[in-house]
Amino acid sequence: MAIVPPLVALRNARLKKAEALRERGLNPYPSRSMRTEYAANILENFESMENQPVTVAGRLMSWRKQGGMAFGHIQDRTGSIQLVFRRAMLHPTDAAAGFLGYEDVALLDVGDVIEVRGTVGKTMKGEISVMAETLRMLTKSLRPLPEKWSGLKDRETILRKRYLDTIAAPEKLELFAQVSRMIFEARQFLYARGFLEFQTPIIQPLYGGGTAKPFLTHVNALGAEMYLAISHELYLKRLIAAGYEKVFTIGRYFRNEGIDRSHHPEFSMIETMTAYQNYEYNMALVEDLFRHVAVKAFGKITFQVRGHMVDFEQPWKRISMVDATREITGIDFSELRTVDEANARLTDLGVTEAQPSIGEALVRAFEAKVEDTLIQPTLVYGHPIEISPLAKPMAEDPRYVERFEIFIAGMECGDNWSEQNDPEQLFATWKKAYKPEDRDSGEFHPLDYDFLEAMDHGIPPTTGIGPGIERMAMIFTEQQDIYDVIFFPMMKPVLSQANKAIYGVAGEAVEEPAES
RNA sequence: GGGCGCGUAGCUCAAUUGGCAGAGCAAGUGACUCUUAAUCACUAGGUUGUAGGUUCGAUUCCUACCGCGCUCACCA
């Protein structure tokens, strides 16, 4: 005997109301609405709209019936507005016209999507309302909404069913809308500067362009193992080889690694390639991009991030990784000559894992001691060549490369470099970095001979930026958790007992291993 | 992956040392023509995440598992 969760009874009660509507000749799910006005527009322009006929539509969020009169609020994407119903004023149930009359308002539930035609007016208490003349059911809702006063508080439910959170807390709609406008403005900025946007493959025969553990997948039609992209830059460089000079993609990235407040397995980046320029061009481009987005999408230039006021107006600090590390730790890694010496200094800083090179020791020291201190937008350049196989070495000191990372509020917000376009050097560095036994371990990506072949043909001096969309969104929307700027964050799949009962998921009990 | 914490009705939360699992909202029935967390009366709603164990008795104590969070490690 299956257990029937109480939710099923609530749902069945609403299903009965849907059936009752059909018995009256009313479709609980008609095709379209005749809405003429949004809630906010009526509230903002009451003076000119008073006594005017309007048709509004939205989700019924509250319902207060008292005899021959009833009040409710509907919520649309602009806000909410009160509806006033009177028994004598409301058109009776009319199957031909699709109207729901006052005699049948018991078939309404909070959560239903309804449409009301009426005139704009004020109640005796002074609230701007629509005085209803006709009522249409647009969508019968079958499940109860979160509690109207406290909303949705359970973190897991918020993340799994974000739509419930945005219904209960409409200001969240604005947050995610801001993220959308942010991406729009970033596109506008790049289009205005002459960049062309390309689609690059998400399913790739090899993964490359970064160091990360990939997701593996299988393409049935080709009988081939493939990977989800960890980066798109090897394809952008092929576009430069093809003859384009300014390209970008807003790509999806998949990295099979840890999850925390600033890492999500699936994320997005604006990745550009600009020919005939080097990384200094990109320093200016990135600063301008962030300023443009801040002003155009958010209308301000300073943001509260992790308890700090971050100012995007002032010229950003530019400092080499060696200098930044020396300022904080007092250690000048550029003067060290042996790996043992570098590791000894690293141990002094409390980092005990021995690094294979001076350059990698510098990076560890930087990550451990310096990153968190970079609050205002800072461009840290001159990365060790050991961790930058795709970047061009600096002419004045080939231990370091023409590369910079963006740090804001202690968080890395983008990686940028002058592309290594010397095919022989690229191959040599790559070969040295890649160890076949580390395949798919995240140590380094495999050799991509097709890419090397394209580089053999020669690309102009080229440079690219890669600011992360989610981290930009976190900063500009002043959120501290990447899960709060991703509408559909990654969660383990679950199936509730209620849904098993409602949808008749068969075999759930049968699939349990039999006790024997 | 390690450590710590959390999981009670659709939602938000209670439950004294281990002693009858409760409330508000939502739901059902009825009353109510200016409410807005409407009000009033009545009704219903629970395998306390899952599975075991200890006990006369478990929401409570123990073990394992599932999910989520925090944190460390790894990474970007």
Side-chain angles (χ1 to χ4, degrees), chain A residues 1-14 16-17 61-73 80-90 102 106 109-111 121-127 129 131 141-161 164-165 167-168 210-213 230-231 253-265 267 269 352-353 363 367 371 387 405-407 411-415 441-443 466-468 470-471 481-483 489 491-499 502 509 512-513 515:
Chain A
M1 186 65 184
I3 306 146
V4 179
L7 175 62
V8 176
L10 293 176
R11 189 170 181 273
N12 284 341
R14 290 178 174 227
K16 271 187 193 161
K17 293 181 184 179
M61 299 303 289
S62 65
W63 180 248
R64 298 173 295 281
K65 181 170 177 283
Q66 37 186 333
M69 191 168 193
F71 301 86
H73 279 87
S80 68
I81 189 164
Q82 181 167 265
L83 309 175
V84 178
F85 302 88
R86 283 174 189 273
R87 180 179 284 143
M89 292 275 293
L90 193 66
Y102 201 88
D109 281 295
V110 169
K122 273 188 183 174
T123 60
M124 285 169 68
K125 294 285 173 62
E127 178 163 352
S129 307
M131 308 301 172
S141 169
L142 300 182
R143 301 208 186 201
L145 288 176
E147 206 269 326
K148 61 185 169 189
W149 194 244
S150 54
L152 199 54
K153 290 194 171 162
D154 181 66
R155 180 69 172 162
E156 182 174 353
T157 309
I158 289 172
L159 297 178
R160 288 187 188 277
K161 304 171 188 177
L164 287 180
D165 192 35
I167 291 170
T211 56
K213 297 189 188 73
I230 64 163
S231 168
Y253 297 70
F254 305 88
R255 300 190 178 179
N256 209 342
E257 295 170 346
I259 296 175
D260 61 35
R261 275 180 171 157
S262 58
H263 295 83
H264 190 264
F267 64 103
M269 269 202 273
T352 52
E353 306 88 28
V363 172
E367 288 172 350
E371 274 192 18
I387 63 158
E405 286 180 300
I406 307 156
F407 289 93
M411 190 165 61
E412 197 227 302
C413 291
D415 205 350
S441 72
E443 289 301 315
E470 289 78 9
R471 291 186 180 179
D481 192 329
I482 199 166
Y483 270 52
M491 303 289 281
K492 278 206 182 186
V494 294
L495 179 57
S496 69
Q497 292 296 329
N499 278 351
I502 288 167
E512 294 292 323
E515 301 294 333

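Chain letters run A, B, ... following the sequence lines, proteins first, then strands; residues in each count from 1. All of these numbers come straight from a predicted model, not from anything done at the bench.
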What's the closest nucleotide to the side chain of A:R155 if the choices are B:G69, B:A26, B:A76?
B:G69

Taking protein heavy atoms under 4.0 Å as touching, what does nucleotides 2-9 of chain B look like 5' to 3' if B marks base contact, S marks sugar-phosphate-only contact and - marks none?
--------

Measuring only the P atom in each nucleotide, how far is B:G18 from B:C61? A whole number of Å is fine.
7 Å

Proximal nucleotide (of B:U36, B:A76, B:U12) relative to the A:R255 side chain
B:A76

Given side chains that start at C-beta, do those of A:M61 and A:L145 come closer than 4.5 Å, heavy atoms only?
yes

Nucleotide of B:U12, B:G69, B:C34 approaching A:K153 most closely (side-chain heavy atoms)
B:U12

Of all the nucleotides listed (B:A38, B:A27, B:U12), which has the minimum atom distance to the side chain of A:R64?
B:A38

Nearest-nucleotide comparison on RNA chain B, the residue closer to the 5′ end among A:H73 and A:L152
A:L152

Residue A:K65, side-chain heavy atoms: nucleotide from B:C34, B:C32, B:C25 that is nearest
B:C32

If the P atom of B:A44 is compared with that of B:G22, how far apart are they to the nearest Å?
13 Å

Under 3.5 Å, is there any donor-acceptor pair linking the side chain of A:R471 to the base of B:A76?
yes

Which nucleotide sits closest to the side chain of A:H263: B:C34, B:C11, B:A76?
B:A76

Between atom CZ in A:R160 and atom P in B:G49, what is the gap in whole Å?
16 Å

Choose from B:G67, B:C34, B:A26 the nucleotide whose nearest atom is closest to any side-chain atom of A:K148.
B:A26

Is a donor on one side and an acceptor on the other found under 3.5 Å between the side chain of A:D109 and the backbone of A:G111?
no

Kindly point out which of B:G69, B:A27, B:U33 is positioned nearest to the side chain of A:Y483?
B:G69

Indicate, yes or no, whether a donor-acceptor pair under 3.5 Å links the base of B:U33 to the side chain of A:R86.
yes

What stems show up for RNA chain B when you take Watson-Crick pairs (N1-N3 plus N6-O4 or O6-N4) and G-U wobbles (N1-O2, O6-N3), both under 3.5 Å, and require three or more consecutive pairs?
B:1-7 with B:66-72, B:10-13 with B:22-25, B:27-31 with B:39-43, B:49-53 with B:61-65

Can you find a donor-acceptor pair, distance only, under 3.5 Å between A:Q66 side chain and B:U33 base?
no

P atom, B:G5 versus B:C62: distance in rounded Å?
10 Å

In terms of side-chain heavy atoms of A:D109, which of B:G69, B:G67, B:G28 is nearest?
B:G28

Could you tell me how far apart A:K122 (NZ) and B:U36 (C1') are, to the nearest whole angstrom?
16 Å

Whole-Å distance between B:A27 C1' and A:L142 CG?
14 Å

Winner on side-chain proximity to A:P144, out of B:A76, B:C70, B:G10, is B:G10

Within a strict 4.5 Å, meaning less than it, do heavy atoms of the A:H263 and A:R471 side chains meet?
yes

Whole-Å distance between B:C25 P and A:M61 CE?
17 Å

Between A:Y253 and A:F267, how do the two ring planes meet: parallel, tilted or perpendicular, split at 30° and 60°?
parallel

B:C74 P sits how many Å from A:E367 CD, rounded?
9 Å

RNA chain B: 5'-proximal contact among A:D154 and A:A106 (nearest heavy atom):
A:D154

